[in-house]
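Worksheet: one structure, shown below.
Hydrogens, waters and symmetry mates play no part in the numbers below; they use all other heavy atoms, side chains included. Note on naming: letters A, B, ... go to the chains in the order of the sequence lines (proteins, then strands), and numbering restarts at 1 for each one. Quick caveat: nothing in here was measured; it's all calculated off a predicted structure.
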Amino acid sequence: MTEYSKEEIKRIEDKWQSYWREKQVFKTENNTSKPKYYVLDMFPYPSGAGLHVGHPLGYIATDIVARFKRVKGFNVLHPMGYDAFGLPAEQYALEHGVHPAISTAKNIDTFRNQLDRIGFSFDWSREVRTCDPSYYKWTQWIFLKLFDSWFNRVTQKAEPISALIANFEKEGNAKYAVPNSKFEIQNFSAAEWKNFDEKKQREILMQYRLAYLAYTDVNWCEALGTVLANDEVINGVSYRGGYPVVKRQMRQWSLRITEYAERLLKGLDEIDFSESMKEIQRNWIGRSEGALIHFSLTPNPSPKERGASETIQDHVFTADKRSWEELKEHARENRKAPTEAEDTLWQEIRNGKLGHKFRRQHAIAQFIVDFVCIEKKLVVEVDGPIHEFQKREDAEREQIIAHEGFRTIRFSNNEVLNNTKGVLNKIKIELSSPSPMERGPGGEVITVFTTRPDTIFGVDFMVLAPEHPLVKKITSPTQQADIDKYLAYVESRSEVDRMSEVKKVTGCFTGAYAINPFNNREVPIWISEYVLAGYGTGAIMGVPCGDERDHRFAKHFDINITNIIGEHYNGEEANPTYEATLTNSDFLNGTKMKDAIGKVIAKLEEMGIGERQVNYKMRDAGWSRQRYWGEPFPVVFRDDVPYAMAESDLPLELPDTNEFKPSGNGEGPLANLTDWINIGPGEKRDSNTMPTHAGAAWYFLRYMDPHNDSEFASRKALDYWNQVDVYVGGSEHAVAHLLYARLWIKVLHDLGYLNFDEPFKKLINQGKITGDSRFVYRVRGTNKFVSAGLKDKYDTDPLHVDVNIVNGFELDIDAFKTWKPDFANAEFILEDGKYLCGSAIEKMSKSYFNVINPDKIIESYGADTLRMYEMFLGPLEQSKPWNTSGIDGVYKFLRRFWNLFHDQQGKLDLSDDQPSDQELKVLHKTLKKIEQDIDNFSFNTSVSEFMICANELTSLKCKKRSVLEPLVIALSPFAPHLCEEIWEELGHKESVSFASYPKVEEKYLVESSFEYPISINGKVRAKMNFALDMPREDVQKLVLASEVVQKWTEGKAPKKVIIVPGKIVNVVL
RNA sequence: GCCUGAGUGGCGGAAUUGGUAGACGCGCACGACUCAAAAUCGUGUGUCGCAAGACGUGCCGGUUCGAUUCCGGCCUCAGGUACCA
């Protein structure tokens, strides 16, 4: 033994790392009598840049917890693996011609080497890689479970699709409305179901499946002939080459996560995530309560003016020919078997009894309605109890029917049977009000969702999303050119661009007007990029006095602003208050806004032009990627209809190829492998692959039983390990990975594979270690780069550049040219003969090319120092810049700790003397604080506490085994190599991992007196020592009598004396 | 823009429930050891001020005997914003 030197550290760390490996010290068994503890890190994407100093931050924290829980007597599961599919490997393959499987395996080796050098206690026998066929076999298997399931809204859980089919065969879809309200068939009977051919049946089932095919947007780059990830698009142009990128629709897989919105929301109440994390997820799910309101359009401009050929009266076709053909048989069937309520009502309204002709079971759009008066454009629906569970579908159905110009009023079976008179009265009132036909041309109706129905009289304009289907229909010929121009502009804009544009207000008038149903006011209809098609109904009512964006819009386009909140609106800026008393609001005048919300909704429902609505902002998850390096979809298309592959045929392995170029037509590289894609006549595979979220959505289950080849994990293992007790990772995964993982676990739970339905009991968000990035500036549309100081003279897009080819701020131009093939022919605009880069402090990430590697630190200080230094940097949950300047202090501490045990020659030098009270106090204070800090994930303060402890024991010259030995166990989770070595020197034969954490004895910590700060008016002026059990009166007397206090009171009696035992004395003058 | 988080000495940060602001470490200064340097050890170190003292936790305001901590309004930076992972 010698001193704690660089050479000695290396020897110790190598020795124990091989000891742990050879003796399999951290191999975890599934069968044990000990309580279990599952501590998990978010697994890394093995990038080519290797491990950077940000990665270990979380891993060190979990390793401390894992090692601590072991010495506390738990059976600890602490695994690690790799999120090994992903875009960067494929980009690397395109640029360097290396197969992603090869570069990924190489990167994993590098990662593993780096991880091993830090001394983690992972059970490597449980490692998983998402790109391994024996792993993704089960990812595909779970995908098939999603494909083969639907969400039963009555039971609020996923069920096998076979249960749904059984139901369809018995009673059609009466009980289970189509989740996709835009689907062409919304209602069918058992007989019809049986009559549909297989293709039709499958098409219908697709509308229910949890994994389903639909047309969704992608970033299409025509010049590159490929779909781009959002990351590859900068300011609407491609990262590679700077070509224009537009939105394009493609048929892709989606997961119906929206069905789980409510359960994902409610589940948050049961799990220990930070409030901010829960808030992020709540906001992402975005539940809002409000109302749908239907606005009719004015006859100005009339349909003729808009170029329509039919007159209003000619417009008697209520469904297109195709729908009509499909629906008329069904309608006839229904007429033969009316419900009791339907029949009752029919007898009262048939033969023009109410003065207008009604038809029953009539096709409108793609639906069959119960009753309709075509002349007055009025639909009457009589609902059975099932409608309680399909409010959303009914609302959407009404909306579609409303697009055809029809109003809907609804009655329940009960109302019709028990209050027939009242029902008839309501119908009469509806018939006497002008029909939408009379109110507007062609019956076009705009439906908006608003959380503020109380502001209905403040509506000064309407705004549609540019993608809204009505835009085509209602644009007047005079506005057409402007609208087309605006649409072209919007197509080039990303969603973030559209939402974040605040200075520039953009929009375009359609030429059409809507009518406010409450006061018949005509308001202009605009389109603007700030309204997104995917949110709500894709249309809003503009209330400038109450909404800031609406206000800016109105000011910019000079739209008159109606004030409905009196003095709360100052004419300068909108006021979104709920507190105002309404003015200019007809029947609401004098009503508080809060109270008006309910009143308006009631009125809307009464008038049949709107209803209460719960809306979710969350959308279904796009699950297809036009990429090679991901899980292939385990389906076969026969005649374009997808069929699940047999479980026994899984995994569907990714075919080997050396061609990763996109197909050029929008499909992924797999489309080029025609032998693989085309199975036989009319049989094809999917050319897309799954996103990386797929493999990450369930990997924590696989760790429980990683080598099982007959199940994704055995039920016994799943039941034993259960939820992850603590999960550590970055908050950047808040809404993607964490929501998808929660979804998959809920589905597996619903289908009976798990007995828990939340994967992570507790989540800690580790802060990022920030890096210092560098940028180059590409002149838009060129391959020319301009130095940072001159960039404002050009229209540029900033691109990250590898910090390793920048010296300070100066770019190494030659290195840059060879860095990526795209830049080989780059030209440069220099300043003072140099190319200077821009900079920014942001998260350390391979995609920002700003990563710093931990190997150098280990080389000069050792892993124990690195581990403790990363913890010492600051709170785990906060982000902090990487800076090694303080690392010496941690190293010195470890040396000091080592020296406590050793003499000058490096020989173990301890005595068996009885410890003093003072020494015992130091020991137990430390033990207690460390335990508390680990429980609170406050590792920086525990490192400080160890330093204080070592300083105190050094100054006490303590060399006593009974004091120092327990500290080795306490420190071992933090500095395992050093502690193993000392532990062995102390004569132990087993790893310190098998020791028990010493018991904290409170009796050594009891204090009898306290040094009180004596403050005057809240400012500390003196300190006085009193026994903790001294009566208040005595304390007060002594304090007031003291010289310092006398000086301040100048003999006057104080107003008040506050004494908080054990804390403070405050004298108020 | 929206959602979330952060802001305390020259630097990383501490202050557990509203009770001594700056623990611990780095850096810096001075001293000891040394021919000298490094290493090590010791002392000091928020700002202003000779001092008494005043000021001080991003900014402005409030509640309180007392606010880094609670409330209201702002500013700056970071993460996410649905195909980076």
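For Tyr740(A) and Trp623(A), the ring centers sit closer than 6.0 Å to each other.
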Listing time: all N or O pairs from protein to nucleotides 38-40 of chain B that are below 3.5 Å?
residue : atom : partner   : partner atom : Å
U40(B)  : OP1  : Arg895(A) : NH2          : 2.7

Could you go through nucleotides 48-53 of chain B and list every protein N or O atom that sits under 3.5 Å from one of its N or O atoms, giving the distance for each pair?
residue : atom : partner    : partner atom : Å
G53(B)  : OP1  : Lys1047(A) : NZ           : 3.0

Which atoms of nucleotides 63-67 of chain B (N or O only) lie under 3.5 Å from a protein N or O atom, and what are those distances?
residue : atom : partner    : partner atom : Å
C65(B)  : O2'  : Asn1066(A) : ND2          : 3.4
C65(B)  : O2   : Asn1066(A) : ND2          : 2.6

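Stem list for RNA chain B (at least 3 consecutive Watson-Crick or G-U pairs, distances under 3.5 Å): B:1-7 with B:75-81, B:10-12 with B:24-26, B:27-32 with B:40-45, B:46-48 with B:53-55, B:58-62 with B:70-74.
Under the rule for a salt bridge (Lys or Arg N to Asp or Glu O under 4.0 Å), the partners of Glu952(A) that lie at least two apart in sequence or sit in another chain are Lys925(A). Every residue was checked against the side chain to side chain donor-acceptor pair (under 3.5 Å) condition with Gln904(A), not counting sequence neighbours, and none meets it. Applying the side chain to side chain contact (heavy atoms under 4.5 Å, CB included) criterion to Gln878(A), with sequence neighbours excluded, gives Pro875(A). With sequence neighbours excluded, no residue forms a salt bridge (Lys or Arg N to Asp or Glu O under 4.0 Å) with Arg256(A).
Of the candidates G12(B), U4(B), G19(B), G12(B) carries the atom nearest the Phe872(A) side chain, counting heavy atoms from C-beta on.
Residue pairs meeting the side chain to side chain donor-acceptor pair (under 3.5 Å) criterion with at least one partner in residues 81-92 of chain A, sequence neighbours excluded, are Gln91(A)-Glu232(A). Among residues at least two apart or in separate chains, there is no salt bridge (charged side-chain N to carboxylate O under 4.0 Å, His left out) pair with a member in residues 870-895 of chain A.
In this model, the phosphate group of U16(B) is not approached by any side-chain N or O of Asn936(A) to a distance below 4.0 Å at OP1 or OP2.
Contact annotation for Asn951(A): backbone-only contact, meaning every heavy-atom pair under 4.0 Å involves sugar-phosphate atoms and none involves a base. Base contact: Gln932(A) has a heavy atom under 4.0 Å from a base atom.
Glycosidic torsion of G9(B) falls within 90° of 0, placing the base in syn.
In the interface, the side chain of Lys1023(A) is paired with the base of U20(B) through a donor and an acceptor atom under 3.5 Å apart.
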Could you go step by step and tell me if Tyr891(A) and Phe893(A) meet the ring-ring contact (aromatic ring centres under 6.0 Å, His included) rule? CA-CA 5 Å; Tyr891(A) 172 70; Phe893(A) 154 74; over 10 Å; no

Does the pair Lys247(A) and Glu467(A) meet the rule for a salt bridge (Lys or Arg N to Asp or Glu O under 4.0 Å), with working shown? CA-CA 11 Å; Lys247(A) 294 265 182 306; Glu467(A) 301 88 344; over 6 Å; no

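Nucleotides G58(B) and G9(B) have their P atoms positioned 8 Å apart, rounded to a whole Å.
For RNA chain B, the neighbouring residues in residues 881-891 of chain A, judged by any heavy atom under 4.0 Å, are Ser885(A), Gly886(A), Gly889(A).
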Base, backbone or nothing for each nucleotide of nucleotides 75-85 of chain B, written B, S, -, heavy atoms under 4.0 angstrom, 5' to 3'? ---SSSSBBBB

